[in-house]
Amino acid sequence: MFSQEFPPIVKYSPSVYGAGNQSWMISQDHNNYLYFANNDGLLEYNGTSWQLYPGPNETIIRSVKVIGNKVYTGSYMNFGFWTRQADGKLKYTSLSDSIKNKILDDEQFWNILKYDHWILFQSLNRIYIYDTKMMQFKIIAPKNGVVKSFASTNAIYFQTLKEGLFEIESGKAKLVSDDPILKKFTVANVFAADEGLIIQTQLDGIHKLTGNSLSRIVTDVDAELKASFVYSSQRLQDGSFALGTVSNGIFILSDKGKLKYHLTQSKGLSNNTALSLFEDKDQNLWTGLDNGINCINMQSPVRSFTDDSGVLGTVYASAIHNGMLYIGTNQGLFCKPSQSNSDFKFINGTKGQVWSLAVYDDTLFCGHDSGTFVVINDIAKSIFSASGTWKFEPVPGNKNQLLQGNYYGLSVLEKTGNQWVFKNKVQGFDYSSRYFEIGDNLEVYVSHEYKGIFRLKLDSSLSKTQGFYTYKSPDKGKYASLTKFNNSIYYAYKGGIFKLNPKTKQFVKDNVLSSIFEKDEYTSGKLIVDNSNKIWLFSKNYIHYFSASKLSSQLKENIIPIPSSLTNSMLGYENITQISKSTYLIGTTDGYYTLNIDDLSFKNYNVFITDIMTNKQNETFRNAAIFNEGSFKSDENNITLNYTVPEYNKYINSEYQYLLEGFQNEWSEWSTKATVNFKNLPPGKYTFRVRAKYANVILQNPASYTFVVLKPWYLTNLAYFIYFLLMLAMAYFINKAYRNYYQKQKEKLIEENNLLLEIKELENEQQLMKLRNEQLSQDVDNKNRELAVSTMSLNSKNELLAFIKEDLKKTAQNDSSNIKSVISTINKNITEEDSWNVFKEAFDNADKDFLKRIKQMHPALTPNDLRLCAYLRLNLSSKEIAPMFNISVRSVEIKRYRLRKKMDLQHEIGLVEYILAV
């Protein structure tokens, strides 16, 4: 098992960005954006997102070169440049269209070079030289075509098979060397060297050309290079050489030809065919593979060993002892010389989980699922096999004893002579003791993931404990742990990190350490103390370590911005071991990686806003200009902004914080998300600001973008002016309407008043008429009374005359002639007919038409009946009526009875009341 640690490799799969499999050439601009000549076109990567631009006429892009602010590309029968537009996207301009008739049929452009103000486009047939000042072309057309072209210091070279290596001088080809090797083997690259050139061939290794003499440069991998077909090569900034092969990955050689790394698919590459190589400004090595793109972090302080075979397994523990590196995994214990790239060797007898490795008294102890082993070189000797062993702690005051935590409690190891042996199990405590620490007076604190924290007091012989105390606070927790740091015991779980108070023997929350678990950063409470007295903790996005300050009692915090998603450590089993002064080994689920904390220095990058998109409700996005102040319609107020820090470190994630002035008052929370969307922004002017944090350092150059969301047409100044005019018009018409209204109201009031006056007059007239009617009624009553009086008078007169007539009849015997004459006169004066006629005339004047009405109502009434009705209407009694008829009262009653019968009156209806109502 080859055990060399390699630089981190970032893999990019074509399926992620939808581009073709093969990338033929790579370049980089001043913003650190990467460009790939790809089968599907020009591929751009800004560190966060990919953008694919189809080649002209949907052709494959064969070559790419960034020169100034232009991206030059060569493709099938076409070459030109791309420039960035206002919306941040690239637009293509063809240079070959002006010489289209000179381009050969089926000609493809495989390389682009720059020399001074000339741009050279190389096909397999010719080289087209473009003068950027004069905008003219010159063509070099060797008889045997052009295999490859190369740019070296102040020179342009190209190779023609069967002729050798040429240099372009004064626009013409000049032979540099026609050595048989250069005529036979294809040259992969040419590099400037002292007193000559270094020439990398595809199948015959590396040579040096000095004058006319070509000599071989011997390397560690000459045999592999001849068998591997070197397709691409790159001279790195540190003088090393990167050689990409067709079938054997990438070789990294020192400037002396020594092999530094051999990167293959089994060592992290996506595949073994490296079609292109490019070193970016941060000295990352990019390679375009036959299927995908990889970025190799050559300068990273991290070196990783990935066990793709699965033999090594998940690393739980590691240790350096006597010049050997020991790795404890779920498969067993492995070792190799620490300064060697030799294979790991499995130590026999250790098959199974290795939980811990500890060096004490120049002895390496191995805590294993099967018990405890003492390891000497590559031999493991079992000294305890009763139950699995978690960890070891020296017993205070006795250097020959170790306390070990087992699956079923605690036990003691003791050194007898030069041998460590099992002594005894501690009686009275049988819980799993994965994490424990020894305090003062042999008090032992044990952390159990599912039961919490225990405190037990051991006797002086370490043979038993008299019971134990179970803490109710702090709570138990998943992936909790307990350790001793700076002579204090700490307990960590999701709720925070707690420190034991030696006086009260209670755990008190440590706010400094607990702060690392805020903002949902908790993944594991594993605490690790290294040999330099640093305490290490792992969270979701960082690795933290604290060290004691030299000037105060405060702990000094250091943050390594490597997220747990990239380190791939087993949760709850994180482990870190100091293998040198500044280098640490961190175990993962598929191997381990080393970290040099002294090399954790990073470049101050810039953050860029890459593109801005707007869209209307339920419509597609539209790109907006990013270099000018934006202006968006009111219904285009859904705005998405993308931003990036163009860095390509595998283990460091950039974090972003944004503020939209005019909409927000405070910066957002830090996030690795490189996009933000604002929906339904109200009209107004906004300034978007974004800043980035890389390697836990806030970058100095934030990016900003100002834009305006326009008011809807009905809220513009013109609209307000129109509204003002409309308001004036409305005010005029409203005023006019009000005036008309009040005029009508006035007229209506006048009319109503006139009507009221008329009504008042009518009421007055009615009142007057009423008064007149009352007067008339009074007059009628008076006349009725007069009529009654006259009737009564007439009745009295008749009574008197009758009385006189009776007296005269009595005396008629004496003087009959005279008396008879008087009686005759009296009879004439009391004639009822005359009296009735007088009465009727008077009655008709007083109560007009009564007698007609009663006659119409009761046609059967006789004149005497009508006469009786008239007397009754005058409300005369029967006694008063009798003389009028010259009958008795009894006879009047009979007449009244007969009148009721003729009128057919009901019993309950009074005769007088009925007659008065007619």
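When reading the values below, keep in mind they use all heavy atoms of this one structure, side chains included, and skip hydrogens, waters and symmetry mates. Since we're looking at a predicted model, the values are computed, not measured.
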Inspect the surroundings of [atom1] in [X] and state if more than 12 heavy atoms from other residues, nucleotides or ligands are less than 6.0 Å away.
X	atom1	result
Asp194	CG	no
Lys499	NZ	no
Lys114	NZ	yes
Gln339	CD	no

Got a sec, which residues hit salt bridge (charged side-chain N to carboxylate O under 4.0 Å, His left out) with [X], two or more places apart in sequence or on another chain?
X	result
Asp238	Lys260
Glu574	none
Glu393	Lys391
Lys256	none

**Asked** Does Tyr656 have its ring centroid less than 6.0 Å away from the ring centroid of Tyr658?
**Response**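 Not close enough - the centres of the two rings lie 6.0 Å or further apart.
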Would you please indicate if the ring centroids of Tyr648 and Tyr45 are separated by under 6.0 Å?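 Yes, they do, as the ring centres are separated by less than 6.0 Å.
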Tell me which pairs pass salt bridge (charged side-chain N to carboxylate O under 4.0 Å, His left out) where either residue lies in [range], with sequence neighbours left out.
range	result
residues 356-367	Asp361-Lys415
residues 268-297	Asp282-Lys603
residues 239-250	none

Heavy-atom side-chain contact between [X] and [Y] under 4.5 Å:
X	Y	result
Thr610	Thr48	no
Met25	Phe278	no
Val302	Asn297	no
Leu537	Leu527	yes
Val690	Leu641	no
Val607	Tyr694	no
Ile206	Leu243	yes

With distance as the sole test, does [X] use its side chain to make a donor-acceptor pair with the main-chain N or O of [Y] at under 3.5 Å?
X	Y	answer
Asp220	Leu259	yes
Ser524	Leu571	no
Thr306	Lys267	no
Asn38	Gln22	yes
Asn272	Gln265	yes

Determine the interplanar angle of the [X] and [Y] rings, folded into 0 to 90°, and report it as parallel if under 30°, tilted if 30 to 60°, perpendicular if over 60°.
X	Y	answer
Trp50	Tyr12	perpendicular
Phe344	Tyr592	perpendicular
Tyr33	Tyr35	tilted
Tyr316	Tyr573	tilted

Note to self: Testing the basics here: between Cys366 and Val354, what is the closest heavy-atom pair and its distance to 0.1 Å?
What the structure shows: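 Cys366 and Val354 have their closest heavy atoms at SG-CG1, 3.6 Å.
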Check your understanding: Is it the case that Arg235 places NZ or CZ above or below the six-membered ring of Phe150, under 6.0 angstrom from the centre and within 45 degrees of the axis?
Key ->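 No; the conditions do not both hold, so Arg235 does not lie above the ring face of Phe150.
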### Task
Please test Val512 against Phe546 for side-chain contact (heavy atoms from CB on, under 4.5 Å), starting from the C-alpha separation and ending with a verdict.
CA-CA 10 Å; Val512 175; Phe546 292 82; 4.2 Å; yes
Check side-chain hydrogen bond (donor to acceptor under 3.5 Å, both in side chains) between Ser254 and all other residues, then give those that pass, not counting sequence neighbours.
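For Ser254, no residue satisfies side-chain hydrogen bond (donor to acceptor under 3.5 Å, both in side chains) once neighbours in sequence are set aside.
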Next on the checklist: For Asn330, give me all partners under side-chain hydrogen bond (donor to acceptor under 3.5 Å, both in side chains), at least two apart in sequence or on another chain.
Outcome noted: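 Listed in chain order: nothing, the list is empty.
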Among Phe6, Tyr584, Tyr651, Phe305, which one satisfies ring-ring contact (aromatic ring centres under 6.0 Å, His included) with Tyr593?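 Testing Tyr593 for a ring-ring contact (aromatic ring centres under 6.0 Å, His included) against Phe6, Tyr584, Tyr651, Phe305 leaves exactly one candidate, Tyr651.
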Qualifying residue, where the test is side-chain contact (heavy atoms from CB on, under 4.5 Å) with Ile543 and the options are Ile586, Asn558, Ile559: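 Single pass found, and it is Ile586.
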Pair Asn575, Val315 - check side-chain contact (heavy atoms from CB on, under 4.5 Å), show working. CA-CA 8 Å; Asn575 58 95; Val315 175; 4.0 Å; yes
* Output, in order, the C-alpha distance, side-chain angles, deciding distance and verdict of side-chain contact (heavy atoms from CB on, under 4.5 Å) for Phe36 and Ser276. => CA-CA 9 Å; Phe36 303 85; Ser276 56; over 6 Å; no
Would you please name every residue forming a ring pair (Phe, Tyr, Trp, His ring centres under 6.0 Å) with Phe346, sequence neighbours left out?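 Result, ring pair (Phe, Tyr, Trp, His ring centres under 6.0 Å) vs Phe346: Phe334.
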Side-chain donor-acceptor pairs under 3.5 Å in residues 244-252, sequence neighbours left out?
| unit_1 | atom_1 | unit_2 | atom_2 | d |
| --- | --- | --- | --- | --- |
| Thr245 | OG1 | Asn248 | N | 2.8 |
| Thr245 | OG1 | Gly249 | N | 3.0 |
| Thr245 | OG1 | Gly249 | O | 2.8 |
| Asn248 | OD1 | His262 | NE2 | 3.4 |
| Asn248 | ND2 | Ser228 | OG | 3.2 |

Practice problem: Just jot down the side-chain contact (heavy atoms from CB on, under 4.5 Å) partners of Asp599, sequence neighbours excluded, or say none. | Solution: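 Asp599: side-chain contact (heavy atoms from CB on, under 4.5 Å) contacts with Pro301, Asn596.
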